[in-house]
Amino acid sequence: MGATKRTKIIDVLNASKVGEELTVKGWVRTFRNNQFIAINDGSTINNIQAVVDFNTTDENLLKRVTTGACISVVGEVVESMGKGQSVEIKVKSLEILGDADADKYPLQPKKHSLEFLREIAHLRVRTSTFSAIYRVRHAMIFAVHKFFTEKGFFNVHTPIITGSDAEGAGEMFAVTNLDLNNIPKNEEGKVDFKEDFFGKETNLTVSGQLEAETACMALSEVYTFGPTFRAENSNTSRHLAEFWMIEPEMAFYDIIDNMDLAEEFLKYLVTYALENCADDLAFLDKRSQDEDKQKPQQQRAEMSLMERLKFVVENEFVRLTYTEAIDILRNSNPNKKKKFKYLINEWGADLQSEHERYLVEKHFKKPVILRDYPRDIKAFYMRQNEDGKTVAAMDVLFPGIGEIIGGSQREERYDNLKSRIEEMGIPEKDLWWYLELRKFGTAPHSGFGLGFERLMLFVTGMGNIRDVIPFPRTPEHAEF
RNA sequence: UCCCCUUUAGCUCAGUUGGUUAGAGCGGCUGACUGUUAAUCAGUAGGUCCUUGGUUCGAGCCCAAGAAGGGGAGCCA
């Protein structure tokens, strides 16, 4: 058909000149009045309006211009006579690249429920909401690498299949190529993993941290950004069985340096989104506000999405210790009036999400970083503090999301680490290499984990983690 | 895994105290109109009322079990 190369819609809208002839390809969002085709190619949330002359165009061709169809148009850029757009394309020729049977295509030019769209995850990216989320997701992936690169960190690919059963971050998915209908057994009657592909029991990783620490002991500042798997039977809007996690690990950082980096990192990412995803965020902001209007007054957000994003960038995160938090919670109204499901009575209790939400959403009304948690409720690798009761752990708590980052200063002292491993009954044989890091040239170091989809929840204002990853994996759900 | 809620047309939802032929908007189809903005107007088709069993003269509605979806909790990122 036309002589010109395809022009992306974002470039037509931002950089084309009136009078220019060009080719646009994309998917029909809606076809109005038998002459106005709204085309979207995903390069921007905005559509280009292509205007056909129905008097001179084949009627049978026009009938195939249906919502969802893929088309190619050649035409001239002209100033629009209508109000909704400044330029449009006056069509000279129109070609259907792919029909979409209007009787069967499930998407209509109207609002669909997120639940319905989850059932058609292969098509939902064709909606404004999901294409915006995909674009913001890309921007955040890029910003993560940009941030760490600018700070001199090195990206490390840690293994996805792990032979260590000691990561201690939850239930794991087994990896095997044994014949599950005929499992080899050893003398004790248990599965004989010597027969398995790796000659030992293996799982999908639940964290790249331990391996990242090895790189940290040579490259000083590293980070991982990879898929992570948890076989927990979690059915919440904040959990996935397969998600992406960012785990920086820094030599010579103490817990305070660690918190400084976490705060700087989050602010960098949100700033990047504000500066680079303005159109998509404006749409998502409006979407959230429309959704909020359906809710009763009490459940509505106090701030809009844009206000929340700016708020995080502009305000210092509140920092306090676990012990200080317990004092605040113990004397809080909901605790005194027994409104908490789990009342805070004494030091040592694990904080429930209702407590974290109280601190973040009611008491401080700001992101909060808690540190120095009781050692008994935290992982074996966290550095033991001088008081003998706490470890140098830190959690960054965000409004609406809860824990977005969890991290710690790592225990770098061989004897302390070894005794902690023994106390907690963790199989030491799997951790020999981890312990050797402390034997040979150990160094103080710290790190944290950021759940990428939790960040996405915050940046997009979406309420369910299944809507910020293209193909969510949750219990009973691995379609697509 | 636990608690609560929901399930009626392709989508979003009404459906009275158990009563005869189950409705609306959007979408689809047919036509009209032709500078529209989720176009508009007219007409029209479209139903396993989630499933199974029960109560009843009679069940979309009541009861029981199950399934699916959502919200909250736990676990965590």
Side-chain angles (χ1 to χ4, degrees), chain A residues 29-38 46-55 62-63 66-68 78-85 88 90 100-120 127-128 167-171 206-209 227-247 262 290 294-295 299 340-342 350-357 377-379 395-398 401-407 448-458 463-469 474-477:
Chain A
R29 283 292 171 81
T30 178
F31 183 27
R32 288 182 295 264
N33 219 11
N34 210 23
Q35 48 183 333
F36 305 105
I37 312 170
N46 299 305
N47 303 329
I48 186 78
Q49 173 160 287
V51 187
V52 288
D53 183 346
F54 56 87
N55 288 315
L62 288 180
K63 282 199 174 172
T66 58
T67 300
V78 297
E79 278 182 45
S80 178
M81 293 159 69
K83 281 177 186 159
Q85 57 285 315
E88 63 194 19
K90 192 175 173 195
D101 185 346
D103 195 30
K104 303 211 173 76
Y105 185 66
L107 294 173
Q108 306 159 18
K110 66 168 244 180
K111 275 209 168 67
H112 288 288
S113 69
L114 296 171
E115 292 80 8
F116 172 65
L117 293 172
R118 256 171 239 155
E119 293 170 10
I120 48 167
T127 63
S128 298
E167 287 163 353
E171 294 293 313
V206 291
S207 166
Q209 179 199 318
T228 311
F229 307 88
R230 304 271 167 95
E232 304 281 350
N233 190 12
S234 295
N235 289 290
T236 81
S237 53
R238 302 181 305 284
H239 290 88
L240 292 165
E242 175 184 288
F243 62 102
W244 291 72
M245 189 155 62
I246 298 141
E247 296 175 288
D290 289 347
Q294 312 292 319
K295 293 182 185 166
Q299 287 173 26
F340 284 142
K341 192 175 166 199
Y342 298 88
D350 207 351
L351 298 183
Q352 308 294 325
S353 49
E354 60 179 344
H355 306 129
E356 295 176 351
R357 293 186 69 150
I377 59 172
K378 288 291 180 183
D395 284 352
V396 181
L397 308 177
F398 260 35
I401 291 155
E403 185 182 341
I404 193 168
I405 279 181
F448 62 78
L450 168 70
F452 184 63
E453 283 76 19
R454 295 228 174 135
L455 171 78
M456 283 295 297
L457 281 178
F458 184 75
N464 195 314
I465 202 161
R466 292 163 203 158
D467 297 327
V468 295
I469 188 168
T474 56
E476 310 265 356
H477 292 278

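The structure presented is a predicted model; accordingly, all values stated were derived computationally and were not measured. The sequence lines fix the lettering, A, B, ..., with proteins before strands; numbering per chain opens at 1. Basis for what follows: all heavy atoms, side chains included, without hydrogens, waters or symmetry-related copies.
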* Asked: G74(B) P sits how many Å from Phe340(A) CZ, rounded?
  -> 12 Å

* Structure fact -> Regarding the side chain of Gln49(A), the nearest nucleotide among U34(B), G69(B), U37(B) is U37(B)

* To do: Please name the pair of heavy atoms, one in Ala102(A) and one in Thr66(A), separated by the smallest distance, quoted to 0.1 Å.
  => CB-CG2, 4.0 Å

* Asked: When the P atoms of U40(B) and C4(B) are considered, how many whole Å apart are they?
  -> 44 Å

* Structure fact -> B/S/- along nucleotides 1-14 of chain B (protein heavy atoms under 4.0 Å) is B--------BBS--

* Asked: Which part of the nucleic acid, if any, lies within contact of Arg118(A), taking any heavy atom under 4.0 Å across all strands shown: a base, the sugar-phosphate backbone alone, or nothing?
  -> sugar-phosphate

* **Among C33(B), G28(B), A38(B), the nucleotide that comes nearest once only the side chain of Thr30(A) is considered** => A38(B)

* Span that lies between the C1' atom of A24(B) and that of U20(B), in whole angstrom -> 22 Å

* When all nucleic acid strands are considered with a 4.0 Å heavy-atom cut-off, which category describes Glu403(A): base, sugar-phosphate, or nothing? -> sugar-phosphate

* **CG-NE2 distance between Asn235(A) and His477(A), expressed to the nearest 0.5 angstrom** => 8.0 Å

* Asked: So what does Met81(A) touch, heavy atoms closer than 4.0 Å: a base, only the sugar-phosphate, or nothing?
  -> base

* Value rounded to 0.5 Å, distance of CG in Asp395(A) from CG in Leu351(A) -> 8.5 Å

* Tell me yes or no: between the side chains of Glu247(A) and Ser207(A), is some donor less than 3.5 Å from an acceptor? => yes

* If you measure from CG on Leu450(A) to CG on Leu455(A), what distance do you get to the nearest 0.5 Å? -> 5.5 Å

* Asked: Phe31(A) has an atom CZ; how far is it from atom P of G27(B), in whole Å?
  -> 15 Å

* Asked: Roughly how far apart, to the nearest Å, are C11(B) and G74(B) at atom C1'?
  -> 35 Å

* Do the side-chain N or O atoms of Gln352(A) get closer than 4.0 angstrom to the phosphate oxygens (OP1, OP2) of A73(B)? -> no

* Asked: How long is the gap from NZ on Lys341(A) to CD on Gln352(A), to the nearest 0.5 Å?
  -> 8.5 Å

* Rounded to whole angstrom units, what separation is found between the CD1 atom of Ile377(A) and the P atom of C76(B)? -> 9 Å

* When you check the phosphate oxygens OP1 and OP2 of C75(B), does a side-chain N or O of Arg238(A) lie under 4.0 Å from one of them? -> no

* To do: Starting from C1' on G70(B), measure out to CG on Asn464(A) and report it in whole angstrom.
  => 9 Å

* Would you mind reading off the distance between Lys104(A) atom NZ and C29(B) atom P, rounded to a whole angstrom? => 11 Å

* **Separation between the P atoms of G27(B) and A38(B), rounded to whole Å** => 12 Å

* Across the strands shown, which category fits Phe452(A) at heavy-atom distances under 4.0 angstrom: base, sugar-phosphate, nothing? -> nothing

* To do: Consider the side chain of Gln85(A), meaning its heavy atoms from C-beta on, and name the nucleotide among C75(B), U34(B), U37(B) that approaches it most closely.
  => U37(B)

* Asked: Base, sugar-phosphate alone, or nothing: which one does Gly82(A) contact when heavy atoms must sit under 4.0 Å apart?
  -> base

* Structure fact -> Read 5' to 3' with Watson-Crick or G-U pairs under 3.5 Å, [ ] for crossing pairs and | for partners on another strand, RNA chain B gives (((((((..((((.....[...)))).(((((.......))))).....(((((..]....))))))))))))....

* To do: Could you please name the option among U37(B), A39(B), G31(B) that lies closest to any side-chain atom of Lys63(A)?
  => G31(B)

* Asked: Quick one: does Ser80(A) reach the base of G35(B) with a side-chain donor-acceptor pair under 3.5 Å?
  -> yes

* Asked: Should the pair Lys378(A)-Asp350(A) be classified as a salt bridge under the 4.0 Å nitrogen-to-oxygen rule?
  -> no

* Between the base of G72(B) and the side chain of Glu354(A), is there a donor-acceptor distance below 3.5 Å? -> no

* To do: Pick the C1' atom in C13(B) and in G54(B), then give their distance to the nearest Å.
  => 30 Å

* To do: Taking all heavy atoms of Gly68(A) and all of Ala100(A), pick out the closest pair and write down the distance.
  => C-CB, 3.5 Å

* Might you point out which heavy atoms bring Glu453(A) and Phe243(A) nearest each other, and give the distance in Å? => OE1-CB, 3.3 Å

* How close or far is atom P of U34(B) from atom CZ of Arg32(A), stated in whole angstroms? -> 18 Å

* Could you give the distance separating G72(B) and A9(B) at their C1' atoms, to the nearest angstrom? => 32 Å

* Structure fact -> Tightest non-hydrogen contact, residues Val206(A) and Phe229(A), listed as CG1-O, 3.0 Å

* To do: Assign Glu88(A) to base, sugar-phosphate, or nothing according to its heavy-atom contacts below 4.0 angstrom with the strands shown.
  => base

* For Phe116(A), what residues pass the ring-ring contact (aromatic ring centres under 6.0 Å, His included) criterion, not counting sequence neighbours? -> His112(A)

* For U34(B) versus G71(B), give the span between their C1' atoms, rounded off to a whole number of Å. => 47 Å

* **Spacing between Leu351(A) atom CG and C76(B) atom P, to the nearest angstrom** => 12 Å

* To do: Write down the distance separating the P atoms in C50(B) and G60(B), rounded off to the nearest Å.
  => 10 Å

* Asked: Between Arg29(A) and Ser128(A), do the side chains contain an N or O donor and an N or O acceptor separated by less than 3.5 Å?
  -> yes

* Name the nucleic acid region contacted by Leu455(A), choosing base, sugar-phosphate or nothing; use a 4.0 angstrom heavy-atom cut-off, strictly under. => nothing

* Structure fact -> The answer to which of Thr67(A) and Ile405(A) contacts RNA chain B further toward the 5' end, by nearest nucleotide, is Thr67(A)

* Asked: Counting only side-chain N and O atoms of His477(A), is one of them less than 4.0 Å from OP1 or OP2 of G69(B)?
  -> yes

* Asked: Do His239(A) and Thr236(A) have side-chain atoms, one donor and one acceptor, less than 3.5 Å apart?
  -> yes

* To do: Check every strand shown and say whether Leu107(A) touches a base, only sugar-phosphate, or nothing at a heavy-atom separation below 4.0 Å.
  => nothing

* To do: Grab the CG-C1' distance between Leu450(A) and C76(B) for me, whole Å please.
  => 14 Å

* Asked: Relative to the 5' end of RNA chain B, which residue comes earlier, Tyr342(A) or Tyr105(A), by the nucleotide with the nearest heavy atom?
  -> Tyr105(A)

